[in-house]
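Taking it in order: structure first as C-alpha cells, then the write-up.
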Amino acid sequence: MIRVEDFSKSYGDVLAVSGLSFEAAPGEVLGLVGPNGAGKTTTLQALCGIIRPTKGRITIAGHDLADQPVAAKAALAFIPDDPEHFDHLTLEEHLRFVGRIYQVSDTQPRMEALLDEFELQDHRRKLPSELSRGMKQKLAIACGLLHEPSVLLLDEPLTGLDPAAIRRMKVTIQDRAEAGTTVIISSHLLHLVEELCTRILVLRNGKKVAAGSISEIVSHRPELEGLGLEEVFLALTETDS
Amino acid sequence: MEALGHFVYLFRMQARNRARGFLARMKKPQYAIAMVLGLAYFGMILRFWAWSGEDNAPGTALLGGIALTVPIMLAIVVAWWWLWGGHRFALSLDRAEVQHLVAGPFTRRDLINYKLLKAQPAVWLTALLIGTAMGGTPLPWALRVPTIWLLFTTLHLHQIIASLTHAGATEKGLTGLKRMWLPITVFSAALAGFVWTLAALLRQLKEVDSAQALGLVFAAALDTPVANTVLFPFDLVLAPTFSLSLPQWAEALPGAVALLALHYVWILRTDTAFEEAAAEAGRNKAGLVEAVKDGRLAMTGNVTVRVGATPFPLRPVGRPAVALLWKNSVSFVRQLQSGSPIFWPVAPVFLYVVLLYVSGEPDTAATAIAGIFLVLGGMLTVLGPLAIRNDFRDDLRRLPLLRSYPLASRDIVLAELASSTLAVSLAQLAMVGVGLAILVVSGPLREHLALTAAGFAGAVVVLPPVNGVSLSIHNAQALLLPAWTPLGPKQAGGLEVMGQQMILVALTGSVLLLALLAPLMAAATVTLRIGLSFGAIAIAVVAALITLWAELALVVTWLSEVFDATDPPELGAVRS
C-alpha cells in the first residue's frame, strides 16, 4: 500500500514535482507516465527514500517514510532504469549482500530460484563489469525481488532486456501483483503500461494531469473517446489542461 | 588533409569547451583559491628542481652523470613494454571515438594520426615542464623543450608499437608470433644482450667502495660491444637531450629525428589490428572481459580484478549494516589483489637479499628491514587514510542505492567508517607486527619479549580509534565538500586539484591534531594527578582511549545527521 499526500520536491528554484497526491492499493499495478522531465523519476526516488520531499507525506505499507524510514524501506524494492552495482562483488555476492541487508533468512533457496528465473546461473561468479546491460538489469531485478517486497517500484523495467526476459518480467510483475504486491511502473512504453497497469497516473511538468483507468480518464474527457492510450497520452501531455 | 581538418575542429571545440568550463569554475572562490595554491606549489617545485645560476658547471656535471644511467633505465622500461605490453590500449579509442570516428569515413592512417595528434598536448606539456626544470644545462630553453618533445614522442610511438606487437603476439597465439617474427627476434636478441650487460654490471658492483668507483664500473660495463649494440638506439634518441654543447646537439639531432621518422613509418605499417584495439576499448566492460578468457579474471577500466575468496563469510541474518562492512572489505581486498599481490611478499625478501649482499651482516640487514616496516607502519597513520578509500569516498558514487537500503543513517556511517578504519589499522598492525617480529628474531628485542608484546598490544588498542578519528575527518570532507572530493578509487589530477588537496590536507591535519588534543590532555591530567608509574601510565592510556572513543561517537552522530540531510542531487549522483 502506498499513500502520497501533497508531495512536492524542488531543486533550488526548480520545482520538479508539485502537490502530488495518490494511492496505490495492494495488488494494484499503477503506471506512472509522462513526457521527459515530468517528475516520474523524482516521484519514484522520493517513494523509496532516496530524496527527501520538500513538502508532503509518503506512507509505505503503513509506515511513514519520514518517521519510520527503515521499516518503510524494508517493505519496498526500487529497480532503477540504470542500475548501479558494486564493482567488486560478484552477481551471487550481490544477492547475499542484499539478503543480509533485508534480513532474508532463507537467502540461498530464494537466490537459486531467482538465478534460475532470470537465467543468471551461468553468470553467478561474474563481476558487474563482466555483465551485459541486460544482465545488469536482471541482477537489479533479482536483488529487488529477493526479499519479496510488498511494494515494488520499477523505473523503465524493461530497458536492456531481451524479448524472452521481457516476457518473463511481465509475468513476474503480474504474479507479484496477484500475490498482493503494490507495483508502480514508470515507463515510456505505453503498450507495456496498457498491458500491465490497472490504473495510470499521468504527470506533466511535475503535476498530476490525470489518474485512473483509461476508461475513467476518457470518461472525464469525452473528446478522447475511442482513442488508444498513445493518443490519450499525447492529448493529455501536449495540450494545456 | 580533409580528415586533419575534422580532427583539428574536434580538438579546437573540445579545448574551447574545456576552457569555458575551467573559467566558469574559476569564478567560484573555492576553485580559484585552489588553483592559485596549486600553481604556487607547482612553481615552487619547478624552481626547486631547476638548476639555476649563471655557471652551467653543476648542471653539466649532473647531466653527464644522468646521461650515463638513463640509457640503461630506458632499456629496462622498454623491455617492460615489450614483455608485458606497456599501456595495452595506448592506441585505442574511447567509445565516443569508436562511434564517431571508426564508424566515420576515415582511413586507418587517419585514425592513427588522430591518436598521435591527440597525445601531443600532453607530450608538449611534459616537454615544457622537464625542459624548464632542466635550467642550467648547456642547451638554451628554446632548443631544450623541442628536443625533449622529440625524445618523448619517439618513446610514445615505441610504446604503442610494443603494445600492439605484444597484443598481436599474445592474443593470436602461433599465428601472431609468426606474423611478428621480426620485431620479436630483434627484441629477444636485444633482451639477451641487455641481460648480459646487466649481469656483468652486477658482478662488478661487489668491488665498488665509492661513488667514483661506481661511476667507473658503470662506464666500463656500458663500454662493451654487446652493451654498445643493445644501447645504440637508446643512445641515439637520448643524445640530443644530453648534449653538452650546441655543436654536439646539432650532430646528434639528425639521428634522433631519423629514429622518430622510422617509428612513424613503423607504426603506420604495423598490421596488428589497430581497429581491434580501438574496438576493444570502445566495447563495454563485459565485452572486454570476455576477451580475457579466464573466467576468474575481469577488467575494470585498465585494472585486472581477481575474484578470490571474501575476507569473512556473510551470514544471511544479523546486524544488517555488517553487510556494508563486508562489501567494503571485499572491495578493499580485491583491489589489493588486482595490483601486484606477489609484490608484497617478494619486495621485502628482495630488499633483504640486496642489503645482505651489501652489508654482509644478516642481523644488520634484518634490522634495516624491520626499521623499514616500522617506519612504513607509522607513515600509514597519515598516508593510510589518503590511500585506502573503501568508505563514503567510494560509496557516495552510489548514494541513491545506499539511501534506498532499510538502514538507519547511523548504521551506514558506522559501517562506512569501520570499513576503512579496519583496513588501515590491519595494514598498520601487520607492518608493526612484522617489524617487531623481525627485531625479536634477529636480536635487538630478543631480551625484551614482554616489552615488545606490550608495545604491540598498545598499538592494537590505540591505532584503531586514532585511525577512526582521522578517517571520520576524511569522510566528513566527502559529505560536506563533495565538489572537492574525488569519489571512487581513483584520485583526480591537475593543478586545481593539487591546490584543493593542499588545503584539505592542511585542514584535515589541523582537525586531527585538535581531535587528538583532548585525549592527550586527558592522559596528561591523569599522569599529573597520579604520578609517573607503570599503573599511572596504564590509567592515562585508558583515559585517552575513552576520550578518543567518545569523540568518535560524537562525530558518528554528527555525520549521521549530515548524511541524512544530503540529497543525491547535491552530489550530482542522480538526474532529477
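Everything quoted here is computed from the prediction, not taken from an experiment. Reminder, nothing fancy here: chain letters follow the sequence lines and each chain counts from 1.
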Largest heavy-atom contact set with chain A, pairs under 4.5 Å, which of B:Ser404, B:Ala323, B:Pro316: B:Pro316

Under 3.5 Å side-chain donor-acceptor pair for A:Arg124 and A:Thr90: no

Note, A:Leu154 side chain near A:Met169 side chain (heavy atom, < 4.5 Å): yes

Derivation and outcome, side chain to side chain contact (heavy atoms under 4.5 Å, CB included), residues A:Thr43 and A:Lys208: CA-CA 11 Å; A:Thr43 303; A:Lys208 179 166 74 177; over 6 Å; no

B:Asn475 and B:Glu416: side chain donor to acceptor below 3.5 Å: no

Selection from A:Ala77, A:Gly99, A:Ala74, A:Pro69 maximising heavy-atom pairs under 4.5 Å formed with chain B: A:Ala74

Salt-bridge present (A:Asp81, A:Lys40; N to O < 4.0 Å): no

Ion pair B:Arg398/A:Asp87, N-O distance below 4.0 Å: yes

Residue selection (most heavy-atom pairs with chain A, distance under 4.5 Å) from B:Val322, B:Leu314, B:Asp411, B:Thr310: B:Leu314

Toward chain B, the part of A:Phe78 with a non-hydrogen atom under 4.5 Å: neither

When A:Val104, A:Asp106, A:Leu89 are compared by non-hydrogen pairs under 4.5 Å with chain B, the top option: A:Leu89

Closest approach of B:Tyr405 to A:Lys73 (non-hydrogen atoms, all atoms of both residues): O-CD, 3.3 Å

Test item: A:Ser150 and A:Thr182 side chains (from C-beta on) under 4.5 Å apart, heavy atoms: no

Atom group of B:Leu324 that falls short of 4.5 Å from chain A, counting heavy atoms: both

Part of A:His94 within contact of chain B (heavy atom distance under 4.5 Å): neither

Residues of residues 108-116 of chain A with any heavy atom under 4.5 Å of a heavy atom in chain B: none

Distance-only side-chain donor-acceptor flag, B:Ser331 / B:Gln335, under 3.5 Å: yes

